[in-house]
Amino acid sequence: MDIIRFTNINALREAIFRAPLEQFVLIKLDDRELELDPHCVQRLTELASDVDSTLTYCYFRDRLPDGTVMDHPVIDYQPGSVRDDFDFGPLVLLNAADVLAASEDMNEESALLDGGWYALRLRVTMGKMIAMIPEYLYTATKVDLRASGKKQHDYVDPRNRDYQRQMEETLTQHLREIDAAVDTSKREEVDYDSEDFPVEASVIIPVRNRVRTIGQAVDSALRQKTSFPMNVIVVDNESTDGTRELLEAIDDPRLVVIKVSAEERLGIGGCWNRAILDPQCGRFAIQLDSDDLYNSPDVVAAIVEKFRSANYAMVIGSYTLVNSECETIPPGLISHDEWTDENGPNNALRINGLGAPRAFFTPVARRFLFPNVSYGEDYAMALRITRDYALGRIFTPLYLCRRWEGNSDAALSQEKINANNIYKDCVRSFELMARVRQNYDAAGGNRGGWFFPGASLGPWSFLDGGRQDDDIDFDDDFDDDDDDDEFDD
């Protein structure tokens with residue numbers, strides 16, 4: 001079986017038509033050099049045939065410039081794996097008939113900067129089986145040698161803006177096809193003054209073992225100038241390096257220290273829940289990481305003003321990347337100016353984070369609560385809020401995000417990158433399904449009838465549009481950032 005280098009959808013269709021009649025085609029997605037193991041193709045095709053997979057991929061190895069080889073495991077494709085940077089590896093096996101059927105009306109997509117691969121992948125996997133083989137079947141020359149922390153902000157690089165806009169349009173069209181798009185013309189209203197709060201705003205700082213930076217973070221919060229009462233709530237998650245003692249020594253009545261014990265087993269999300277559920281929490285809960293700083297004394301006032309300028313359940317500002325000395329480092333300002341009120345909630349399913357600092361109308365945050373994890377907890381909350389409520393953006397910098405040798409996301413292992421991606425894809429899956437269900441209910445239970453990849457009939461049978469089980473062909477219907485703020489021990 002020859003390997004077809006993917007360039008665009010039309011070229012792939014022509015290559016399939018020209019090739020000998022085969023059930024599958026082997027596709028190379030980029031220009032990395034490949035060394036296939038002796039039985040790689042046989043293993044891919046046999047398994048794909050056995051399970052009737054439309055897309056099959058596997059673990060592979062990276063060959064580094066010095067000749068050494070490192071394992072590169074990949075992850076399972078979930079219903080919510082709709083981000084355009086999903087890592088299949090450079091080699092995938094596709095069902096030829098499925099490709100031709102899915103791409104029959106996709107002529108314009110060939111002109112996209114990625115040749116239409118993202119659009120094709122989303123379309124061809126709808127309601128189909130995707131198989132990941134957890135076996136190392138080939139070796140690929142590693143091209144991008146940057147650490148994870150260096151890649152984190154590629155999404156907001158101005159040089160990638162045209163590409164990102166095209167990928168946003170591609171996902172939005174896909175969401176419309178599966179009835180998962182949020183209708184931003186219909187937003188739930190919030191009433192900021194429906195209940196009393198002890199203060200107007202609270203700065204929330206979860207912390208564990210950040211004695212080097214927590215004092216500066218708290219100081220930048222206490223130096224905020226506002227015309228309304230505010231406080232600072234620090235949730236100390238059983239620090240052992242002197243952080244708690246440092247906090248206890250700060251003499252300011254506006255500082256509230258919540259002391260968490262190890263037995264509570266809280267991640268960052270759990271610490272946020274402790275803070276927002278505390279009776280001392282204010283009307284608006286505003287994020288500050290324990291190793292970051294507000295860039296002026298007017299940040300809290302600006303965020304509250306943004307809330308009250310319209311009807312937002314969440315507000316997100318912009319930040320500047322700096323080193324430990326607060327000197328700006330590339331790429332500098334991270335403003336997420338790709339956000340639009342009309343489509344931001346839909347594009348949010350494609351990206352890994354929405355920015356910082358993040359702020360929440362406390363009653364809404366209390367309604368949903370954060371997942372008790374230390375990665376992606378704010379992303380999960382943002383997706384849930386933007387399903388129903390408006391989100392306000394501030395595109396001027398409010399926040400200094402410090403990068404130093406102690407950052408937990410500076411150079412993640414492939415296994416840790418995978419674990420993070422698995423969790424966020426899971427969050428996307430839940431949110432995608434919830435949005436489909438919400439649209440399904442709003443339409444009176446009338447749908448076209450397809451299944452999420454890998455979905456069984458059971459709990460998702462509402463997606464079949466009322467078809468009876470005996471009408472279903474099982475062979476066809478099976479199937480920034482901003483958030484890398486984990487606690488360090």
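Hydrogens, waters and symmetry mates are skipped; everything else that's a heavy atom, side chains included, is used.
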request  = Begin with the C-alpha distance, continue with both residues' side-chain angles, and end with the deciding distance and a verdict on side chain to side chain contact (heavy atoms under 4.5 Å, CB included) for Cys401 and Ile334.
outcome  = CA-CA 10 Å; Cys401 182; Ile334 308 297; over 6 Å; no
*asked:* Checking Ile205 against Val218 for the side chain to side chain contact (heavy atoms under 4.5 Å, CB included) test, could you report, in this order, the C-alpha distance in whole Å, the side-chain angles of both residues, the deciding distance, and whether it holds?
replied: CA-CA 8 Å; Ile205 311 177; Val218 170; 4.1 Å; yes
How far apart are the C-alpha atoms of Glu200 and Val300, what are their side-chain angles, what is the distance that settles it, and do they pass the side chain to side chain contact (heavy atoms under 4.5 Å, CB included) test?
CA-CA 10 Å; Glu200 181 75 350; Val300 169; over 6 Å; no
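Atom CD1 in Ile303 sits 5.5 Å away from atom OH in Tyr294 (nearest 0.5 Å). The CZ atom of Arg283 lies 8.0 Å from the OG atom of Ser194; values are rounded to the nearest 0.5 Å. Rounding to the nearest 0.5 angstrom, the gap separating the CG atom in Leu171 from the CZ atom in Arg176 is 10.0 Å. To the nearest 0.5 angstrom, Asp219 atom CG is 10.0 Å from Asp252 atom CG. Note: Asn439 CG to Leu175 CG = 10.0 Å, rounded to the nearest 0.5 Å. Considering CG of Leu91 and CG of Leu137, their distance stands at 9.0 Å, rounded to 0.5 Å.
No hydrogens or angles considered: nothing links the side chains of Gln164 and Asn160 as a donor-acceptor pair under 3.5 Å. The closest side-chain donor-acceptor pair between Tyr118 and Arg350, if any, does not fall under 3.5 angstrom. Gln287 and Asp378 share no donor-acceptor pair across their side chains, judged by distance under 3.5 Å alone. Side-chain atoms of Asp162 and Gln166 include no donor-acceptor pair closer than 3.5 Å. Side chains of Asp241 and Thr243: a donor-acceptor N/O pair is present below 3.5 angstrom, by distance only. Between the side chains of Tyr59 and Asp71, no donor N or O sits under 3.5 Å from an acceptor N or O. Judged purely by distance below 3.5 Å, without hydrogens or angles, the side chains of Asp76 and Gln78 never pair a donor atom with an acceptor atom.
With sequence neighbours excluded, the residues that form a side chain to side chain contact (heavy atoms under 4.5 Å, CB included) with Glu264 are Val260, Ser261, Leu266, Arg274. Shown here are the ring pair (Phe, Tyr, Trp, His ring centres under 6.0 Å) partners of Trp339, two or more places apart in sequence or in another chain: there are none. The side chain to side chain donor-acceptor pair (under 3.5 Å) search around Asn273 returns none, not counting sequence neighbours.
The distance between the ring centers of Phe368 and Phe360 does not fall below 6.0 angstrom. In this structure, the ring of Phe307 has its center no less than 6.0 angstrom from the ring center of Phe361.
Between Pro206 and Glu377, the closest side-chain pair of non-hydrogen atoms is not below 4.5 Å. A 4.5 Å side-chain heavy-atom check between Ile286 and Leu288 finds every atom pair outside the cut-off. Contact of the Lys424 side chain with the Leu383 side chain is not registered, since no non-hydrogen atoms from C-beta on lie closer than 4.5 Å. Between Tyr379 and Asn352 the shortest side-chain heavy-atom distance does not fall below 4.5 Å. Counting only heavy atoms from C-beta outward, the side chains of Val182 and Thr386 never approach each other to under 4.5 Å. Looking at Leu122 and Val82, their side chains come closer than 4.5 Å, going by heavy atoms from C-beta outward. Val69 is listed as a side-chain neighbour of Arg63, based on a closest heavy-atom distance under 4.5 Å. Proximity of Val74 to Met132: side-chain heavy atoms (C-beta onward) are separated by under 4.5 Å at one or more points.
For Asp66, the CG atom counts as densely surrounded, since its 6.0 Å shell holds more than 12 non-hydrogen atoms of other residues, nucleotides or ligands. Annotation: Glu325, atom CD; neighbour count of heavy atoms from other residues, nucleotides and ligands within 6.0 Å does not exceed 12. When the shell of 6.0 Å around CD of Glu305 is examined, it contains 12 or fewer heavy atoms from other residues, nucleotides or ligands.
At least one donor-acceptor pair closer than 3.5 Å links the side chain of Asn231 to the backbone N or O of Gln280. At distances below 3.5 Å, not a single donor-acceptor pair connects side-chain atoms of Thr68 with backbone N or O atoms of Leu64. The closest donor-acceptor contact from the side chain of Gln224 to the backbone of Ser296 lies under 3.5 Å. Arg428 places a side-chain N or O within donor-acceptor distance of the main-chain N or O of Leu349, the cut-off being under 3.5 Å. Of the possible donor and acceptor atoms, none in the side chain of Ser290 sits under 3.5 Å from a partner among the backbone N and O of Ile214. Side-chain atoms of Asn343 do not come within 3.5 Å of backbone N or O of Thr172 as any donor-acceptor pair. Side chain of Asn209 to main chain of Thr240: a donor-acceptor pair is present (N/O by atom type, distance under 3.5 Å, no hydrogens or angles). At least one donor-acceptor pair closer than 3.5 Å links the side chain of Ser318 to the backbone N or O of Ile394. A donor-acceptor pair under 3.5 Å links the side-chain atoms of Asn372 to the main chain of Gly267, judged by distance alone.
The minimum heavy-atom distance between Phe395 and Ser335, with the atom names listed, is CD2-O, 3.4 Å. The minimum heavy-atom distance between Glu338 and Asn347, with the atom names listed, is CG-ND2, 4.1 Å. Across every non-hydrogen atom of Ser202 and Ile233, the tightest pair is OG-CD1, 3.9 Å. In terms of heavy atoms, Leu333 sits closest to Pro397 at CD1-CB, 3.7 Å. The minimum heavy-atom distance between Lys225 and Ala301, with the atom names listed, is O-CB, 3.8 Å. Across Phe197 and Cys281, no two heavy atoms sit closer than the pair CD2-O, 3.5 Å.
Salt-bridge formation is detected for the pair Glu177/Arg123: a Lys NZ or Arg NE/NH1/NH2 atom is positioned less than 4.0 Å from an Asp or Glu carboxylate oxygen. One finds no salt bridge joining Arg402 and Asp291 here, because no Lys/Arg side-chain nitrogen approaches an Asp/Glu carboxylate oxygen to under 4.0 Å. A salt bridge between Glu431 and Arg387 is present, with a side-chain N of the basic residue lying under 4.0 Å from a carboxylate O of the acidic one. Contact check on Asp341 versus Arg393 returns no salt bridge, with no Lys/Arg side-chain nitrogen under 4.0 Å from an Asp/Glu carboxylate oxygen. Using a 4.0 Å cut-off between charged side-chain N and carboxylate O, Glu248 and Lys259 make a salt bridge.
Ring orientation note: the planes of Phe88 and Tyr77 are close to parallel, at an angle under 30° on the 30°/60° scale. The aromatic rings of Phe6 and Trp117 stand perpendicular to each other, their planes meeting at an angle above 60°, with 30° marking the opposite boundary.
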